[in-house]
Amino acid sequence: MGRFLLEARDLRYARGGTQILAGVTVGLHAGEFGVLLGPSGSGKSSLLRCMAGIVRPDRGEVLLDGRPLSERDGVSLARAVGMVPQDDIIHTQLRLRDALEYAARLRFPAGTSEQEIQSAVDRVLSAIELEHRARTRIKKLSGGQRKRASMGIELLCAPRVLFLDEPTSGLDPDLESTTMKLLRKLADEGRGVLTTTHSTASVELADFLLVVVAGHLAYGGPPQGALEHFGVSDHDLIFKALRKGEPTAWARRYAQSPRARSFAQRGPRALRAAGGRAG
Ligand SMILES: Nc1ncnc2c1ncn2[C@@H]1O[C@H](COP(=O)(O)OP(=O)(O)OP(=O)(O)O)[C@@H](O)[C@H]1O
Ligand SMILES: [Mg+2]
């Protein structure tokens, strides 16, 4: 019970007669950075939305500190778990600092002091490394900076778990790398971080890789181990390998491998950063 910070157990989710998630089990420890890969339409966004408590699975459950998300009220859930969706949702006319202040006023409890708001905004600007752009209107930020601004909104409440849906899509390789390093850092500070991506360039930064195909978990484990598991020399080739077999066969192959067991039983990760939990 409750070995993981956040744990999804046997998630099943169907819509319009389609099985979108076909029984996915995965845990996330504090301080871990996981990368979720899979072909388009394989259920990545759906898995993140279920794990973040945005949608409820038809079967299975998600536990935070060993307690089902469904038992928590929306406010405590929103504080503990952040989700950065693929599309930017923040007001683009506002200056970055004003947007963060505005979001903080909306999200923080009534009666939060002005000083607390300002210090939360300062903390976030530093975390997303955009202090020098605080006075810039969001529409004038670069694509990568805008994505970081969206992350900043979610970081305001200092969530312990952060999910991101394709934060690097449309970014050049350099920005992709910078963004993935930032996620690595956010995890090192003590958060559990899980992101989807279509780029495999930075997967080595992750503690683990998840591969989903047609709603099945085809792999969970260290990035290097995935190469062996799929018999490929490069992470990009995993997508090609997946086309060669049935999703259920890939799922069975993984479930029956010793990798599945050692991944499920892995212990908490010693925090890399000396500072411990992020505040
Ligand atoms: N509300 C819904 N109703 C019906 N089908 C849905 C719904 N949401 C998702 N789907 C279907 O479920 C499947 C998985 O969708 P999902 O968005 O989770 O995939 P994805 O892996 O994130 O894809 P992409 O890489 O393109 O973002 C797709 O076939 C999609 O059409
Ligand atoms: Mg998606």
Side-chain angles (χ1 to χ4, degrees), residues 6-26 28 33-62 69-70 81-90 143-144 146-148 150-151 153-154 161-171 173 175-176 179-180 183 193-203 206 208-221 223 226 229-230 232 234-251 254:
L6 187 128
E7 187 176 359
R9 288 192 183 157
D10 197 28
L11 296 187
R12 287 161 203 266
Y13 182 65
R15 283 296 173 275
T18 310
Q19 191 73 40
I20 298 171
L21 297 177
V24 176
T25 296
V26 61
L28 183 63
F33 173 32
V35 166
L36 172 56
L37 293 179
S40 184
S42 57
K44 300 181 298 294
S45 296
S46 305
L47 178 59
L48 287 194
R49 283 200 288 265
C50 284
M51 289 180 81
I54 293 166
V55 296
R56 262 182 99 151
D58 304 317
R59 287 182 60 186
E61 58 184 357
V62 181
L69 289 190
S70 51
V81 179
M83 165 91 173
V84 181
Q86 184 168 0
D87 306 311
D88 297 333
I89 43 161
I90 51 181
R146 243 189 336 262
K147 301 253 183 206
R148 262 144 59 205
S150 299
M151 278 179 220
I153 300 283
E154 289 306 314
V161 185
L162 186 61
F163 294 109
L164 305 102
D165 202 354
E166 299 195 27
T168 63
S169 65
L171 301 187
L175 270 179
E176 187 272 345
T179 305
M180 294 293 273
L183 299 185
V193 178
L194 180 62
T195 188
T196 68
T197 175
H198 280 283
S199 163
T200 62
S202 303
V203 291
F208 66 81
L209 205 60
L210 300 177
V211 178
V212 291
V213 56
H216 295 271
L217 189 64
Y219 179 80
H229 186 73
F230 292 100
V232 294
D234 186 289
H235 288 103
D236 272 344
L237 297 171
I238 292 173
F239 294 90
K240 198 172 167 191
L242 287 172
R243 285 201 293 271
K244 286 189 202 142
E246 287 300 313
T248 48
W250 282 115
Y254 173 66

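Just so you know, residue 1 is the first one in the sequence shown, and it goes up from there. Counting convention: from 1, in listed order, for ligands and their atoms alike.
- With hydrogens and angles disregarded, a donor-acceptor distance shorter than 3.5 Å links the side chain of Asp58 to the backbone of Ala14.
- In terms of protein heavy atoms, atom 17 (O) of ligand 1 is closest to Ser45 CB, 3.7 Å.
- Note on ligand 1: Pro39 sits in its first shell, one or more heavy atoms being nearer than 4.0 Å.
- Annotation for ligand 1: atoms under 4.0 Å from non-hydrogen atoms of His198 are 25 (O).
- Between Glu166, Gln19, Arg15, Arg49, it is Glu166 that holds the heavy atom closest to atom 27 (O) of ligand 1.
- Glu176 and Ser202 share a donor-acceptor pair across their side chains, judged by distance under 3.5 Å alone.
- If you check which protein heavy atom lies closest to atom 25 (O) of ligand 1, you get Lys44 NZ, 2.7 Å.
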**Request:** For side chain to side chain contact (heavy atoms under 4.5 Å, CB included), just list the numbers for Leu6 and Phe163, CA-CA rounded to whole Å, side-chain angles, deciding distance to a tenth of an Å, and then say yes or no.
**Result:** CA-CA 11 Å; Leu6 187 128; Phe163 294 109; 3.8 Å; yes
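- A side-chain donor-acceptor contact under 3.5 Å links Thr195 to the backbone of Leu164.
- At a distance under 4.0 Å, no protein heavy atom can be found next to atom 30 (C) of ligand 1.
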**Message:** Could you go through Phe208 and Leu194, starting from their C-alpha distance and side-chain angles, then the distance that decides it, and tell me whether this counts as side chain to side chain contact (heavy atoms under 4.5 Å, CB included)?
**Reply:** CA-CA 9 Å; Phe208 66 81; Leu194 180 62; 4.1 Å; yes
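- Ligand 1 lies less than 4.0 angstrom from a heavy atom belonging to Gly43.
- Formation of a donor-acceptor pair under 3.5 Å by the Lys44 side chain with backbone atoms of Pro39 is found in this model.
- Looking only at protein heavy atoms, the nearest one to atom 26 (O) of ligand 1 is Ser40 OG, 2.5 Å.
- Protein heavy atoms are found less than 4.0 angstrom from atom 19 (O) of ligand 1.
- Heavy atoms of Ser42 come nearer than 4.0 angstrom to ligand 1 in at least one pair.
- Every atom of ligand 1 with a heavy atom of Ser46 under 4.0 Å away is listed here by number and element: 15 (O), 16 (P), 18 (O).
- In this structure, Trp250 has its ring center no closer than 6.0 Å to that of Tyr219.
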**Residues Thr25, Asp10; criterion side-chain hydrogen bond (donor to acceptor under 3.5 Å, both in side chains); working and verdict** = CA-CA 5 Å; Thr25 296; Asp10 197 28; 4.8 Å; no
**Item:** Audit row: Leu37, Leu210, side chain to side chain contact (heavy atoms under 4.5 Å, CB included) steps and yes/no
**Value:** CA-CA 6 Å; Leu37 293 179; Leu210 300 177; over 6 Å; no
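- Between the Tyr13 side chain and the Ser46 main chain, no donor and acceptor come within less than 3.5 Å of each other.
- In terms of protein heavy-atom proximity, atom 7 (C) of ligand 1 is nearest to Ile20 CD1, 3.9 Å.
- Across the listed options Ala14, Gly41, Cys50, Gly38, Gly41 owns the non-hydrogen atom lying nearest to atom 28 (C) of ligand 1.
- Listing protein N, O or S atoms at distances below 2.8 Å from the Mg ion (ligand 2), with waters left out, gives Ser45 OG.
- More than 12 non-hydrogen atoms from other residues, nucleotides or ligands lie less than 6.0 angstrom from CZ of Arg12.
- With hydrogens and angles ignored, the 3.5 Å screen pairs no side-chain donor or acceptor of Thr179 with any backbone N or O of Thr168.
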